[in-house]
Every structure is written in C-alpha cells, then in structure tokens.
Amino acid sequence: MRLLHRFDDSGQAQVLVDALFAESINASVREGREGDAQVWVDDDDDVPTAQEICDAFLADPNDARFSTLQSKAKKKRSAQKKAEKKSRHRVVKARETFKAPGMGPVTIAVIVLCVFVAVVTKLGSVNKDPFMFVSREARRTLFMAVATHPGPVSWLTELQVKLNVLLTVVKGGEVWRLFSPCIVHFGLIHIGFNLWWWKDLGADLERVHSSLWLVAFTLFAGIFGGLCEYLFGLDPMVNSAFGGMSGVVYGLFGYIWIRGRFDPTYPLGLTRMTVIWMMAFYVLCFTNFIPIANWAHTGGLLVGMIWGFASSGALRRRFLRAR
C-alpha cells in the first residue's frame, strides 16, 4: 500500500479514487492527522499507472475524462454489488450434501480408502479374522499406539506414559499410525455419517482451493485431532481404540464456517441450521450419550476454525483500517 497524494478537499480525493477504480486500480481515501484527505493505492505494482492518472487529474481536475471515469466507476461498483449479492456463498445445506457437482481425486481417494479398510477390517474389528491375509496384528497397527499401565495414576503420569509409548512407535518407523486411525470406522452409521459429510465438504474445498491443499488440511486436522483424542480421551485402563474421519470432517466444517463469516468474498458458507445441527451434535457427544471420539472432534474443529480465521484476512483488514 502506497500514499499517492494528499488533498485538502475530500471530494477531489474521491473523484481520483473513482477514476482509479474505473481503470481497475484499487485505492481508498483516508483522513490524515492534519485533516487532509489522503489517497492510498492498495497494490504497489499499480503505483506508476496511478501516478500518471493522478498527475493528469491535478493538471486539470475539470477534464471531462474524469467525469466519464467517475460514471464508469459507479456502474462498475453497482455491478459488483449485484454479483456479490447473487453469488455470495454457495451455501452448503445438510439435505443437499450429495448433490454437489463432481468430486476431486483426493475426495474420491479418501472415500475409496475408507471403504476398503472397512471391508478388510470388518468395520474396525480387532478380535475377528474376516480375511486370512489381514491378520489381527496388522489391523491393530492402524490404530494409534495404546499405552497401558497398572492401576490408577495421576493424569500427568498417564500423559507421560502415552507420549513415551507414541514416541517409541513413531521412532520405530510406524509414522502412519499418527493418521491411520482416521480411515478406520466402527459401523455402517459411523462410516456413512463421516463420508456423507466428507463427500460434500471435501469436494467443495478441493474445488475452491486445490487437491494439495485438501491433502495438507486433512493430514493436519486428522493428526492433531487424533493426538488430542489419544492424549486426553483414550482410556488406557480399558485398552480402547478410536478411529473415523469425524475429526477431519469437523475441521472442514470449522474452516468453511469461520472463513465464510469473516471473508465476504469467500464462495462457500454454511446455513445457520447446519451450524446449529453440527454444534448440537458436538455438544451431545460430550454427554456420553453417544460413544464418540470427542477430543478428535475438538482438535479437528479448532484446526478448522483457526485456519479459516487466519485465511480470511480479517486481521489484516482490521490492521489496515486502524492505520
């Protein structure tokens, strides 16, 4: 952002800003400390062209060219407002989650992988042998390490034991166990619910961003959510395991929700009822009414909300307004 010129008359400053906008140069008028009207150009690359227009304006502010450009800017802003009002947010509705046009390769690959794992593990079964080539030990390596210890201990000791066991497993080369619980599901409702949302939210985000972006987000949300569940939710006394894409799904949900609220130009958003429904289910799970990996939901949701807010540009815009 660069200061272009200072005017005593704010009206003249606005005429110049309109002329610049008509020429596809974004600029704004700000009040200076001495009460003057300052014209600032948003992009430094536009400064040379903006300076030429400014010099021409200062030479003859009454030139008919600038009246024409001001009218053009008015029509251009009006058209932008209509387009934004018409297409602001392609709203994601729960009842339409299977109607999104097309899926990207990452969205499809995750669905295929989850279904494949569900088949060969008989939906996460650890004690049964559905197929001879998938041993019980092999299925257990899909879960994050389970740290057992004798008798009740303090939460800090339990945390240390879990971390030590997990570090040992990772150092041993089984790095995939940080994410692999995400692709294991424990029932038709479990896998159906997760892939239902993944298909829609994942496809939308892959289309808006990229396949590489979706891979990075999925890994980050999945690993962070899994670590939260492993450290704070897993009960080592019952040697329990957890799995499912719901932590990632809540991450995708949190990203679209917060990014859509703080970025008016973002093409995705969620209806109020969808947000209420998802958050009500999140709270309900913490009542233990449904045995769910609540900390995985929490970790994924935090990743999505923080990532969405950071990507929205809200802090940058607030900082620029404060200058």
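All residue numbers refer to positions in the sequence shown, counting from 1.
Contact record, A37 with A13: CB-CB, 3.9 Å, taken as the closest heavy-atom pair. Closest approach of F66 and A19 over heavy atoms only: CD2-CB, 3.9 Å. In this structure, R65 and I53 approach most closely via the heavy-atom pair NH2-CG1, 4.0 Å. Pairing each heavy atom of A27 with each of L20, the nearest pair is CB-CD1, 3.8 Å. The minimum heavy-atom distance between M278 and Y250, with the atom names listed, is O-OH, 2.7 Å. Nearest approach of L58 to F7, heavy atoms of both residues: CD2-CE2, 3.8 Å.
How far NZ of K199 is from CG of D204: 8.5 Å, rounded to the nearest 0.5 Å. Note that the CG atom of L142 and the SG atom of C182 stand 11.5 Å from one another [nearest 0.5 Å]. To the nearest 0.5 Å, the span separating CG on L214 from CG on L205 amounts to 7.0 Å. Taking CZ of F242 as the start and CZ of F143 as the end, the distance is 9.5 Å to the nearest 0.5 Å. One finds the CE atom of M103 at 11.0 Å from the CH2 atom of W198 (value rounded to the nearest 0.5 Å). Atom OG of S246 and atom CG of N194 lie 4.5 Å apart (nearest 0.5 Å).
For an aromatic pair to be called close, the ring centres must be under 6.0 Å apart, and F309 with F262 satisfies this. Aromatic ring centres of W197 and F253 lie farther apart than the 6.0 Å criterion allows.
Between the Y266 side chain and the S312 main chain, no donor and acceptor come within less than 3.5 Å of each other. Side chain of Q12 to backbone of P61: no donor-acceptor contact under 3.5 angstrom is found. No donor-acceptor pair under 3.5 Å is formed between the side chain of T274 and the backbone N or O of L270. A distance-only check finds no donor-acceptor pair linking the side chain of S78 to the backbone of K74 [under 3.5 Å]. Using a distance-only test at 3.5 Å, with no hydrogens or angles considered, a donor-acceptor pair links the side chain of N164 to the main chain of Q160.
Taking 4.5 Å as the limit, every side-chain heavy atom of V41 sits out of range of all side-chain heavy atoms of N26. The shortest side-chain heavy-atom distance between R2 and D46 does not fall under the 4.5 Å cut-off. Within the 4.5 Å cutoff, the side chain of M279 has heavy atoms near those of the V275 side chain. Using a 4.5 Å heavy-atom threshold, the side chains of D263 and S311 count as separate. At least one side-chain heavy atom of L16 sits under 4.5 Å from a side-chain heavy atom of C54. At a threshold of 4.5 Å between non-hydrogen side-chain atoms, the residues L166 and L231 do not count as touching. Taking the side chain as every heavy atom from C-beta outward, E206 and F217 never approach each other to under 4.5 Å. Contact of the M245 side chain with the V110 side chain is registered, since non-hydrogen atoms from C-beta on lie closer than 4.5 Å.
L188 CG: 12 or fewer foreign heavy atoms inside a 6.0 Å radius. In D8, the CG atom is not crowded: 12 or fewer heavy atoms of neighbouring residues, nucleotides or ligands sit closer than 6.0 Å. Other residues, nucleotides and ligands contribute over 12 non-hydrogen atoms within 6.0 Å of the CZ atom of F193.
Under the 4.5 Å side-chain heavy-atom criterion for ILVMFWY residues, no single connected hydrophobic cluster contains both L212 and I223. No chain of hydrophobic side-chain contacts below 4.5 Å, direct or via other Ile, Leu, Val, Met, Phe, Trp or Tyr residues, connects I189 to I111. Taking hydrophobic clusters as Ile, Leu, Val, Met, Phe, Trp and Tyr residues chained together by side-chain heavy-atom distances below 4.5 Å, I256 does not share a cluster with I276. Both W257 and W277 belong to a single network of hydrophobic side chains, linked directly or stepwise wherever heavy atoms of I, L, V, M, F, W or Y lie under 4.5 Å apart. Hydrophobic clustering, with ILVMFWY side chains joined whenever heavy atoms are under 4.5 angstrom apart, groups W213 together with V249.
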Q: I would like to know whether K76 and F21 meet side-chain contact (heavy atoms from CB on, under 4.5 Å); could you show each step before the answer?
A: CA-CA 9 Å; K76 190 174 179 180; F21 182 72; 3.7 Å; yes
(Q) If you apply the rule side-chain contact (heavy atoms from CB on, under 4.5 Å), what do you find for N294 with C285, and how did you get there? (A) CA-CA 7 Å; N294 300 309; C285 291; 2.9 Å; yes
Q: Test D43 against I25 for side-chain contact (heavy atoms from CB on, under 4.5 Å), laying out the working first.
A: CA-CA 8 Å; D43 193 334; I25 297 175; over 6 Å; no
(Q) For W40 and Q38: C-alpha separation, side-chain torsions, deciding distance, then whether side-chain hydrogen bond (donor to acceptor under 3.5 Å, both in side chains) applies. (A) CA-CA 6 Å; W40 289 77; Q38 301 178 355; 3.0 Å; yes
Q: Could you check Y255 against H209 for side-chain contact (heavy atoms from CB on, under 4.5 Å), going step by step and ending with a plain yes or no?
A: CA-CA 12 Å; Y255 181 89; H209 296 282; 3.3 Å; yes
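Relative ring orientation between H297 and Y282 is described as tilted, the plane-to-plane angle lying within the 30° to 60° band. In this pair, F232 and W295 present their aromatic rings tilted. The plane angle is within the 30 to 60° band.
One finds a salt bridge joining R77 and D18 here, because a Lys/Arg side-chain nitrogen approaches an Asp/Glu carboxylate oxygen to under 4.0 Å.
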